[in-house]
Amino acid sequence: MRAVSSLPGGIDPLNHTCDEACSAEISLGLGSRTSFDSLPVEIISIVFRIHAQENSQSGPQSCLRLGKICRRWRQIAWSTPDIWAKLVILPRHATSRTHFVLADEWLGRTGKLPLWIEFSSHRETWKPDPWRFIQRASNLMLKVLTRYSDRWYSVTLDLPSTTLEGIGSLSRTPSMLHHLSLEAIWSNEDDFLVPDYPRIPTFSNCSPKTVNISLLNVDLDWTSLTNLTLEFVDLAEVRHILPKAINLSECTLEEVAECGSVMPTVIGPVCPELKSLSVSFSDWEAARSFCNAIALPHLNYLKFKGPDADFSMDNLIHFLTQSSCTLKSLSINESACDHGSLIDLAPLLHTLTELRISGGNGLNGTDTFYHLLADPDQLSEHLPPIASSNALPYLPNLEKFTWEGCTPYPWDTLLGLLVPAPCNEASHRRPLKSVEINCIVEEYDATPSIPKAVLRQLSPFIDVEFKLTMSDWSGDPRMDLWSASLENSED
């Protein structure tokens, strides 16, 4: 269908600027425009809808441009509601009365269709005396948008905190609301991270399935929620929401903080449907309180990042123990944990199929997590021995192993990762399908070469995909360490 919108001679009126479109109307005459205009209205309308979908993120110009070609195009575009069902308002599109009128006319062409609305205003675009200017413009545009709130299906608002807090009650309840994203812009974010910051009641009667909230507390009907993202959030707010989100299946919590708010009662098991959690903390007290207060019995996928200092692995162990969940995937930042504490976590990971370690500390002597996976007998003083002759090694079901760190990986443990040393005459090969290791260095001159003996031992495992690489702090491109190590050994 895209080819239909291109006119003979390589002219594509749908991608011209407004000035180019006007000049194109004059030059197209004779046979050029006729080939497209001869198509039925239904086909042209479909082409217009495809064009609107492909260019929706660039703002409203692409759709308005259709009306500048000729009267027939304008009639077709103006009478095709699907073209106008999504409105993306960038900062430069909310600066004058003309923009507010255009937004009202735009949404007025949508008939009764559900609406997708994105309205953002970023601090770097503000004029001098920014707060007064952006608040006034945002308030006026929001006044237009709320006239259609009964047909809101997806709403994304990235606006000053005072504007979002000042929305007030909506005269038309957003009963169709499926996705809600609210990001508050603060002149000083510390003004929000204070104890018991109030919630805005605007959406208290809404039951969206997907919610993203940053630097704002919001009252919602959380019972229909399936996907939640909270950024820069007080732990008390997390503990307020999770018990109510009985259908939540995927959750991301970024920069959870302990702000000193009055905490709800210790809640224990919550979110019976929650399968995936990604959580990071801005302070150790928030991490400790979260791990001690919350249990997620059906959790399968966990991405856990503790604060940069003072985090004890005992907290995470307590969380997993009281959750008693069947964890399938774990992503963890080793550099934020106590030295060597991953060893204590190993007995809880017998159902794990995927392990991702960032901030890896590969060279800490022989008392490392990686030596434990290769040969548990080396660390018998840390963990009780495997008693049964039929017992499996730690992480027996591991299928994908990913490691990234700024120290060389302990290459001598790689073979043991695949086939651990026999325990009490029992041997077991982990069902590994992928091993990815990336060593981050400051300069490529310091290449952490892999011993030739290790490469020789790994070569027979043709059913395992090895990605052994090195990169600098930018991340890309990565050097293939396997090939580089072979070349160094030949030299």
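Below, all heavy atoms of this structure are taken into account, side chains as well, without hydrogens, waters or symmetry copies. Since the model is a prediction, treat every value here as computed from it, not as a measurement.
Among residues two or more places apart in sequence or in another chain, the salt bridge (charged side-chain N to carboxylate O under 4.0 Å, His left out) test is passed with Lys433 by Glu399. Applying the salt bridge (charged side-chain N to carboxylate O under 4.0 Å, His left out) rule to Lys467 yields the partners Glu465; only residues at least two apart in sequence or on another chain are considered. Residues forming a salt bridge (charged side-chain N to carboxylate O under 4.0 Å, His left out) with Glu354 (at least two apart in sequence, or on another chain): Arg356.
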Test log, rule side-chain hydrogen bond (donor to acceptor under 3.5 Å, both in side chains), inputs Arg151 and Thr110: CA-CA 10 Å; Arg151 290 192 286 120; Thr110 58; 2.9 Å; yes

Criterion side chain to side chain contact (heavy atoms under 4.5 Å, CB included) on Phe281 and Phe304, from CA distance to verdict: CA-CA 9 Å; Phe281 301 91; Phe304 190 93; 3.7 Å; yes

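Side-chain contact of Thr353 with Asn397: a donor-acceptor pair under 3.5 Å is absent, judged by distance alone. A donor-acceptor contact closer than 3.5 angstrom is absent between the side chains of Ser120 and Asp158. Judged by distance alone, the side chains of Glu254 and Ser280 do bring a donor and an acceptor atom under 3.5 Å apart. With hydrogens and angles left out, the side-chain atoms of Thr210 and His179 include no donor and acceptor closer than 3.5 Å. For the residue pair Asp191 / Tyr197, no side-chain donor-acceptor distance below 3.5 Å is found, with atom types taken as modelled.
Remark: Tyr301 OH is loosely packed, at most 12 non-hydrogen atoms of other residues, nucleotides or ligands lying under 6.0 Å away.
Closest non-hydrogen pair, Glu255 versus Ser282, comes out as OE1-CB, 3.3 Å. Shown here for Pro208 and His178, the closest heavy-atom pair between the two residues is CB-O, 3.6 Å.
The aromatic rings of Trp84 and Trp106 sit perpendicular to each other, their planes meeting at more than 60°, with 30° as the lower class boundary.
Proximity of Leu418 to Val464: side-chain heavy atoms (C-beta onward) are separated by under 4.5 Å at one or more points.
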